[in-house]
Enquirer: 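Following this message is one structure expressed as structure tokens.
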Number of protein chains: 2
Amino acid sequence: MVTIKDVAREAGVSPTTVSYVINGTRSVSKETQAKVLRAIERLGYRPNTIARSLRSKKTYTVGLIVCDLKNPFFAEVLQGIEEQLNEKGYTLFVVDTNYDAEEEERAIEALLSRQVDGAIAVLGGEGNRNLKTFQERNIPLVLLDKRAQGEEWADTVLVDNRGGSRRLVEYIFSLGYRRVGIIAGPLTTTTGRERLEGYLEALQSFSISRDDRLIKIGDFRRESGYRIALDFLSSPSPPEVIYACNNLMCLGAMEAIREKGIRVPRGNRSSSF
Amino acid sequence: MVTIKDVAREAGVSPTTVSYVINGTRSVSKETQAKVLRAIERLGYRPNTIARSLRSKKTYTVGLIVCDLKNPFFAEVLQGIEEQLNEKGYTLFVVDTNYDAEEEERAIEALLSRQVDGAIAVLGGEGNRNLKTFQERNIPLVLLDKRAQGEEWADTVLVDNRGGSRRLVEYIFSLGYRRVGIIAGPLTTTTGRERLEGYLEALQSFSISRDDRLIKIGDFRRESGYRIALDFLSSPSPPEVIYACNNLMCLGAMEAIREKGIRVPRGNRSSSF
DNA sequence: GTGAAAGCGCTAACAG
DNA sequence: CTGTTAGCGCTTTCAC
């Protein structure tokens, strides 16, 4: 590996100067600069970010913890994050926790020991004790799409789950349907809980009594949507409408519905969150 | 930040011993081990991967360069890669190049200077001169889904684009259709070129003469599928069938088709590569 | 405008 | 079974 020392020797200057040329962090004469740049070119030198980070305490990395990378919604989020970061010279670590609390903990440990300058997390369940370490170390943390208990100090980006869900279900009711089966997400997540709450609010505002046979809990993954939809369809009194609380479970449900030989009406086919 | 030295002091041993306890890289008496572990616990010590990497020349990181993270296909690939890596104690860097050669180059530079132990790339176009550096440095590189000119030394994972495409189009011909419009991908990519070749082979095997008005080149992104499908549909003699060469362009094409008030037959709605 | 030297937190000879 | 010591490649004070 060619180091800053090699460049220094090749250019006939000190390592210090090479460093300053690379970082532009103090003025260097045109000549020296040229010599150094030529040496860098000749040797194909590339700065070692690891060494730099150790010394400067800045890694220019950000970690992203996601509960489900397969979900296209998060894939798009990831893309946006990466794009912004890249522009600013940061590189992104990505970890998928697969909705597993233990993996989540390991992910946090990994990011901490890698000295990330910041972290973004889409948690899979309730909060996580270890998240506090980010606070202690003054590492910015952003919670995305899911809140965590006891982490009110962290910046949080949420959508209006309750309101959106309520309006959605109210719209269905306004169309005249009454038996709406909901495939909810895990109640340990903000999105799972709040979307169900929205559903319940809609029931209330239409004075429709709650029927627990119409409420089933999935895990936000495709397979659970499939399984629960089958349940619904094979029950003695199936719902008129199935409301799947996220995109993946919706796809699963649609598969089940089609298998049963029932047509899925057009226009109700896409969901984005 | 609490370092190995702090732990050593707290435990009343030398930093060396702490290091050996952490890494289990030489035998330590039960007692000392206990003392060290307790000190680690008390101080909330976490090893600094950066320092470790600088010394040991191993970062336990792998970089993934992808031309389009928004594409759900690559999102799934990403997830699989991350899962395997995670299991082995590696952490993944992810960079999206947005089909841009310059961004690709910057991505390569970033990964190299971050000293990744290995890299995986889904290139956006023709190869890239800088890829050679991985070879020079003996950093394993895997090319995914797209080949690169002059990088035959790198391990490569491909699908049978030509064969699959040919069989697909032959099937359509066997159904009696003759005018099949193709929305191909960029001819600078393996997938773009080979899938078009498969289409042309199918023409040949059915002795159908090539009609260049039925061949249009997109960029694998949704919008290009939309635009080209509109082109097809508003031409004097539109194709009977539209073959979009990847999932995203297919979605775009379907949108265009629906907008034109044409029904998309069921069963032809999904594509996975 | 330039250089010498210390040290970031850790590992790994080498020595006992 | 344990410790001393010398760096890994870089940045940054301090001195000239």
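Naming convention: chains lettered A, B, ... in sequence-line order (proteins, then strands); numbering from 1 in each chain. Note that this is a predicted model, so its numbers are computed, not measured.
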Enquirer: In whole angstroms, how far is the P atom of C:dA6 from the NZ atom of A:K5?
Expert: 13 Å
Enquirer: Please state whether the phosphate of D:dT2, meaning OP1 or OP2, lies under 4.0 angstrom from any side-chain nitrogen or oxygen of B:S14.
Expert: no
Enquirer: So, are A:E10 and A:K35 salt-bridged, with charged N and O less than 4.0 Å apart?
Expert: no
Enquirer: Whether B:K57 contacts D:dG9 is assessed here as follows: a side-chain N or O lying under 4.0 Å from the phosphate OP1 or OP2. Is that the case?
Expert: yes
Enquirer: Would B:R106 and B:N130 count as having a side-chain donor-acceptor pair, cut-off 3.5 Å?
Expert: no
Enquirer: Would you kindly check whether a donor in the side chain of A:R26 faces an acceptor in the base of C:dG3, or vice versa, at under 3.5 angstrom?
Expert: yes
Enquirer: Side chain of B:L54 only, please: which of D:dC1, D:dT13, D:dC8 is the nearest?
Expert: D:dC8
Enquirer: What is the separation between atom NZ on A:K58 and atom C1' on C:dC8, rounded to the nearest whole Å?
Expert: 17 Å
Enquirer: Roughly how many Å is it from CE in B:M1 to P in C:dG9, rounded to a whole number?
Expert: 7 Å
Enquirer: When you compare the side chains of A:T32 and A:S29, does any donor N or O come within less than 3.5 Å of an acceptor on the partner?
Expert: yes
Enquirer: What's the CG-C1' distance between A:N23 and D:dG9, to the nearest Å?
Expert: 13 Å
Enquirer: For A:I4 and D:dC8, give me the distance from atom CD1 to atom P, rounded to whole Å.
Expert: 13 Å
Enquirer: Does a side-chain N-to-carboxylate-O contact under 4.0 Å join A:K70 and B:E76?
Expert: no
Enquirer: Could you tell me how far apart A:I22 (CD1) and D:dC10 (P) are, to the nearest whole angstrom?
Expert: 7 Å
Enquirer: Which part of the nucleic acid does A:S29 contact within heavy-atom distance under 4.0 Å: base, sugar-phosphate only, or nothing?
Expert: sugar-phosphate
Enquirer: In whole Å, I'd like the distance from the OH atom of A:Y20 to the C1' atom of D:dA15.
Expert: 12 Å
Enquirer: Is any side-chain N or O of A:T17 closer than 4.0 Å to OP1 or OP2 of C:dT2?
Expert: no
Enquirer: Would you call B:E109 and B:R114 a salt bridge, taking side-chain N to carboxylate O under 4.0 Å as the test?
Expert: no
Enquirer: Would you say D:dT2 has OP1 or OP2 under 4.0 Å from some side-chain N or O of B:T32?
Expert: yes
Enquirer: If only side-chain N and O atoms count, and only distance matters, is there a donor-acceptor pair under 3.5 Å linking A:D117 with A:T59?
Expert: yes
Enquirer: Using a strict 4.0 Å threshold on nitrogen-to-oxygen distance, state whether A:K146 and A:E151 make a salt bridge.
Expert: no
Enquirer: When you check the gap from the basic side-chain N to the acidic O, do A:E136 and A:K132 get nearer than 4.0 Å?
Expert: no
Enquirer: Which nucleotide, D:dG9, C:dC10, C:dT2, lies nearest any side-chain atom of A:R55?
Expert: D:dG9
Enquirer: Is there a donor and acceptor pair, one atom on the side chain of B:S56 and one on the base of C:dA12, closer than 3.5 Å?
Expert: no
Enquirer: Near DNA chain D, under 4.0 Å by heavy atom, which residues of residues 44-53 of chain B?
Expert: none
Enquirer: Check whether any side-chain nitrogen or oxygen of B:T3 sits under 4.0 Å from OP1 or OP2 of C:dC8, and answer yes or no.
Expert: no
Enquirer: Is any side-chain N or O of B:T16 under 3.5 Å from a base N or O of C:dT11, one able to act as donor and the other as acceptor?
Expert: no
